[in-house]
Amino acid sequence: LPAPIPLGPLGIYGFRGLLGYNYIATKEVVGLSSDDRWYDYYTHPPRGIHTSTFIGPPESLDYTAPIALGAGAVLGTSFDNGSILSARVMMVLSLPSLFMLDGRASILSSRLGLDSSDEPPFYAFVAWGDNSIEMGIGADYQLPKDKGWILELYAEVQAGFHFNAPKAWYVNFGTQQAPVHAKVLSLLTAQSFLMLSAQGIQIGARAELDIRKRFGPAKVHLQAYLEIAGHISFERPQMGGYMGAGGKIDVDIWIVGLS
């Protein structure tokens with residue numbers, strides 16, 4: 001649009017649409033199986049709704065009345081051309097497989113475009129398909145951008161509910177394999193996760209301090225950490241946990257080192 005459509009402090013900077021007859025969103029087109037999650041479909045590069053993750057004829061002709069409809073828009077702060085906050089949202093109905101909402105956001109950067117190739121640092125989605133609802137929200141943010149010496153943040157929340165398997169639900173605030181991660185001033189690192197399901201609860205956190213300084217001919221390295229974790233099992237009444245802490249100091253003066 002030549003000028004944004006005002007919505008209070010925000011404005012709509014553009015619209016986009018999608019229409020595909022005999023086109024359908026499927027997990028198989030990105031190398032997944034029907035048993036995989038829509039989250040894996042959503043995060044497959046390029047993340048989100050993209051025409052490359054749809055199949056067309058002749059494969060789509062095996063489905064009954066396959067059709068894809070979508071609409072989206074770019075919004076942003078209106079007084080600065082979207083530099084403080086901008087978002088790109090898209091809604092797609094792909095019959096008979098999927099309904100999805102996809103949102104991306106960026107702060108303190110140039111406004112997102114309708115077809116920007118850059119990956120925004122914040123995202124959220126809702127997917128309804130295969131008798132399940134999956135939701136997610138996440139961030140992969142650095143300040144300043146591409147360097148992150150002030151702040152590095154990685155966080156992800158996932159949830160899934162399956163109508164045909166009520167006990168297969170889960171809500172994860174980070175996972176044990178990919179915890180919520182924050183690093184401040186390249187000195188303090190914190191990680192945590194909380195995983196909830198019908199099987200039980202898993203929780204863990206770790207904080208680590210890493211300081212490297214030079215004082216004339218002396219180099220000092222200070223490192224310390226604290227880690228805790230625990231779990232509760234609902235299938236077998238059981239619980240457990242642990243705590244760990246440690247640290248070290250290294251001092252190097254020319255060719256002499258102390259630890």
[X] side chain to [Y] backbone, donor-acceptor under 3.5 Å:
X: Tyr41; Y: Thr53; result: yes
X: Asp80; Y: Gly82; result: yes
X: Ser106; Y: Ser109; result: no

*Within a radius of less than 6.0 Å around CZ of Phe79, do more than 12 heavy atoms belonging to other residues, nucleotides or ligands occur?*
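Result for CZ/Phe79: enclosed.
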*Please indicate whether Arg236 has more than 12 foreign heavy atoms, meaning atoms of other residues, nucleotides or ligands, lying under 6.0 Å from its CZ.*
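Open.
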Rounded to the nearest 0.5 Å, what's the gap from [atom1] on [X] to [atom2] on [Y]? Could you check?
X: Arg88; Y: Arg16; atom1: CZ; atom2: CZ; result: 6.5 Å
X: Met91; Y: Leu18; atom1: CE; atom2: CG; result: 11.0 Å
X: Leu75; Y: Arg111; atom1: CG; atom2: CZ; result: 10.5 Å
X: Ser97; Y: Ile24; atom1: OG; atom2: CD1; result: 4.0 Å
X: Ile55; Y: Asp62; atom1: CD1; atom2: CG; result: 8.0 Å
X: Leu187; Y: Arg212; atom1: CG; atom2: CZ; result: 11.0 Å

Heavy-atom pair with the smallest gap, counting every atom of [X] and [Y]:
X: Glu134; Y: Phe125; answer: O-CE1, 3.9 Å
X: Thr77; Y: Ser83; answer: OG1-N, 3.9 Å
X: Ala25; Y: Phe54; answer: N-CD2, 3.5 Å
X: Tyr154; Y: Pro179; answer: CD2-O, 3.6 Å
X: Gly8; Y: Ser78; answer: O-OG, 3.8 Å
X: Ser110; Y: Ser86; answer: O-OG, 4.3 Å

[Y] side chain reached by [X] side chain, heavy atoms, under 4.5 Å:
X: Asp130; Y: Lys27; result: yes
X: Glu208; Y: Gln191; result: no
X: Trp169; Y: His162; result: no
X: Phe193; Y: Val180; result: no
X: Arg206; Y: Tyr225; result: yes
X: Thr189; Y: His181; result: yes
X: Leu85; Y: Leu108; result: no
X: Met195; Y: Tyr170; result: no

_side-chain contact (heavy atoms from CB on, under 4.5 Å) between Leu19 and Leu69, worked out_ = CA-CA 5 Å; Leu19 173 61; Leu69 302 170; 3.2 Å; yes
*Does Arg104 count as lying over the ring of Phe122, i.e. NZ or CZ under 6.0 Å from the six-ring centre, within 45 degrees of the axis?*
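No, a cation-pi geometry is absent between Arg104 and Phe122.
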[X]-[Y] co-clustered via ILVMFWY side chain contacts under 4.5 Å:
X: Phe99; Y: Tyr39; result: no
X: Leu185; Y: Ile211; result: yes
X: Phe161; Y: Ile201; result: yes

*His221 and Asp210: side-chain donor and acceptor closer than 3.5 Å?*
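There is such a pair (donor and acceptor under 3.5 Å, judged by atom type) between the side chains of His221 and Asp210.
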*Gln199 side chain to Ser197 side chain, donor-acceptor N/O pair below 3.5 angstrom*: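 Yes, a side-chain donor-acceptor pair sits under 3.5 Å.
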*Determine, stepwise, if the pair Trp128 / Met100 fulfils side-chain contact (heavy atoms from CB on, under 4.5 Å).*
CA-CA 6 Å; Trp128 188 336; Met100 179 176 283; over 6 Å; no
_Test side-chain contact (heavy atoms from CB on, under 4.5 Å) applied to Val251 and Lys219, step by step_ = CA-CA 6 Å; Val251 180; Lys219 293 187 294 183; over 6 Å; no
*Phe15 and Ile5: side-chain contact (heavy atoms from CB on, under 4.5 Å), yes or no, with the steps?*
CA-CA 11 Å; Phe15 296 95; Ile5 300 173; 3.9 Å; yes
